Amino acid sequence: MDYALKKDKVIELRDVNKTYPGIVPLHVLKDITLDIRKGELVSIMGASGSGKSTLLNILGILDNYDSGTYHLDGVLIKDLSENRAAELRNRMIGFVFQSFNLINYKNALENVALPLFYQGIGRKKRNALAMEQLERMGLADRAHHLPSELSGGQKQRVAIARALVTKPSLILADEPTGALDSKTSKEVMQVFRDLNNDTGMTIVIVTHDPTVGAATDRVIRIVDGRIENNV
Ligand code: ADP
Ligand code: MG
């Protein structure tokens with residue numbers, strides 16, 4: 001395959017299928033074909049149970065698929081060892097979740113610095129890089145506060161700073177505004193928008209909320225495990 005033709009595609013899925021095994025196997029993703037280009041801010045929108053998180057977990061190399069192909073930055077993601085998957089994930093992808101997934105007993109700075117600890121980076125450099133991302137999120141003055149001392153919107157901005165600290169090429173967010181009120185939700189979407197404008201980072205946001213979808217450049221609709229339209 002000609003890499004030169006594909007290099008502007010961060011994500012390329014072709015006929016991806018996924019079934020959860022069980023007494024009654026559940027065919028969750030059905031012939032998913034989609035491309036996401038470098039620098040896009042896109043949403044994947046669908047009702048609860050439509051397969052959004054399953055799809056995002058595959059994109060994030062957190063889960064496998066049964067058939068089809070997934071290329072991430074031109075690299076075929078299929079049957080990877082757990083080590084190789086972790087290596088690609090840590091190098092290329094930043095994750096943001098509905099429930100923030102911050103560590104309660106660590107302050108904002110320590111939470112943001114944690115991915116760098118796993119990369120073996122020394123404390124001084126870790127803290128400097130983490131502070132840089134907190135500053136970008138307008139949270140420098142909250143660096144030494146625990147998550148319990150932060151509002152929902154602040155917690156999500158800490159989580160976004162943590163996703164950014166390893167300088168990934170792709171941000172994957174699963175219902176990032178799902179736990180926030182509508183005003184805070186708008187603010188968090190503006191954070192993603194600014195990030196996309198300022199850095200050209202590719203951002204994929206999974207949501208069931210049409211106002212979140214409307215705040216992205218392109219909405220990919222998923223209905224009962226199928227891509228319905230690719231606007
Ligand atoms: P969404 O994020 O759009 O709400 P999910 O991808 O979480 O949808 O789930 C899609 C379907 O797959 C649902 O019916 C859900 O119950 C089922 N499902 C999700 N994860 C698993 C799993 N690990 N094992 C079995 N079924 C699952
Ligand atoms: Mg989900």
Side-chain angles (χ1 to χ4, degrees), residues 10-36 40-72 77-82 85-86 88-89 93-102 152-153 155-157 159-160 162-163 168 170-182 184-186 188-189 191-192 202-231:
V10 176
I11 286 168
E12 186 187 77
L13 291 182
R14 291 293 175 270
D15 294 318
V16 164
N17 284 272
K18 165 98 182 163
T19 298
Y20 287 118
I23 296 168
V24 181
L26 191 62
H27 190 184
V28 192
L29 298 180
K30 300 162 187 163
D31 299 325
I32 302 275
T33 289
L34 67 87
D35 291 336
I36 296 174
E40 276 199 291
L41 171 60
V42 300
S43 51
I44 298 173
M45 208 164 87
S48 174
S50 58
K52 303 183 298 296
S53 293
T54 302
L55 177 56
L56 203 78
N57 289 343
I58 289 171
L59 296 180
I61 330 179
L62 292 164
D63 202 357
N64 296 312
Y65 53 96
D66 302 321
S67 65
T69 56
Y70 169 30
H71 286 86
L72 172 62
I77 306 298
K78 196 162 200 172
D79 305 325
L80 302 180
S81 70
E82 187 41 52
L88 286 172
R89 214 158 46 222
I93 305 172
F95 292 95
V96 178
F97 299 98
Q98 171 170 349
S99 50
F100 319 125
N101 293 9
L102 299 176
K155 278 186 240 192
Q156 197 56 302
R157 277 147 62 207
I160 294 169
R162 179 185 55 191
L170 174 65
I171 295 281
L172 298 176
D174 194 348
E175 305 271 8
T177 65
L180 306 174
D181 62 60
S182 62
T184 310
S185 169
K186 263 193 196 139
V188 165
M189 285 310 295
V191 168
F192 284 122
T202 313
I203 303 176
V204 180
I205 298 173
V206 154
T207 185
H208 67 274
D209 181 350
T211 53
V212 170
T216 63
D217 295 333
R218 180 160 70 102
V219 179
I220 298 167
R221 272 171 224 283
I222 181 166
V223 178
D224 192 22
R226 257 179 225 290
I227 299 298
E228 181 144 271
N229 68 332
N230 240 313
V231 179

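The figures here come from the full heavy-atom set of this structure, side chains too, leaving out hydrogens, waters and symmetry mates. When a ligand or atom number is given, it counts from 1 through the structure's own listing order. For clarity, every value in this text was computed on a predicted model and none was experimentally measured.
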How many protein atoms of type N/O/S are positioned less than 2.8 Å from the Mg ion (ligand 2)?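 For the Mg ion (ligand 2), the figure is 1.
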
Quick one, I44 with I227, criterion side chain to side chain contact (heavy atoms under 4.5 Å, CB included). Give me CA distance, side-chain angles, the key distance, then yes/no. CA-CA 9 Å; I44 298 173; I227 299 298; 5.6 Å; no

Would R14 and E12 pass as an ion pair if we require N to O under 4.0 Å?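 Yes, R14 and E12 are salt-bridged.
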
If you compare all heavy atoms of [X] against all heavy atoms of [Y], which two are closest, and at what distance to 0.1 Å?
X	Y	value
L41	A215	CD2-O, 4.1 Å
I36	E40	CA-OE1, 3.5 Å
D35	R218	O-NH2, 2.7 Å
M189	T216	CE-CG2, 3.9 Å
T54	Y20	OG1-OH, 2.9 Å

Any idea which residues sit under 4.0 Å from ligand 1, heavy-atom distances?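 Close residues (ligand 1, cut-off 4.0 Å): Y20, L26, V28, A47, S48, G49, S50, G51, K52, S53, T54.
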
Positive for salt bridge (Lys or Arg N to Asp or Glu O under 4.0 Å) with K30, one of D15, D66, D224: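 With K30 as partner, D15, D66, D224 yield a single salt bridge (Lys or Arg N to Asp or Glu O under 4.0 Å), made by D224.
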
Backbone N/O of G46 and side chain of K52: donor-acceptor pair under 3.5 Å: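 Yes: the side chain of K52 pairs with the backbone of G46.
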
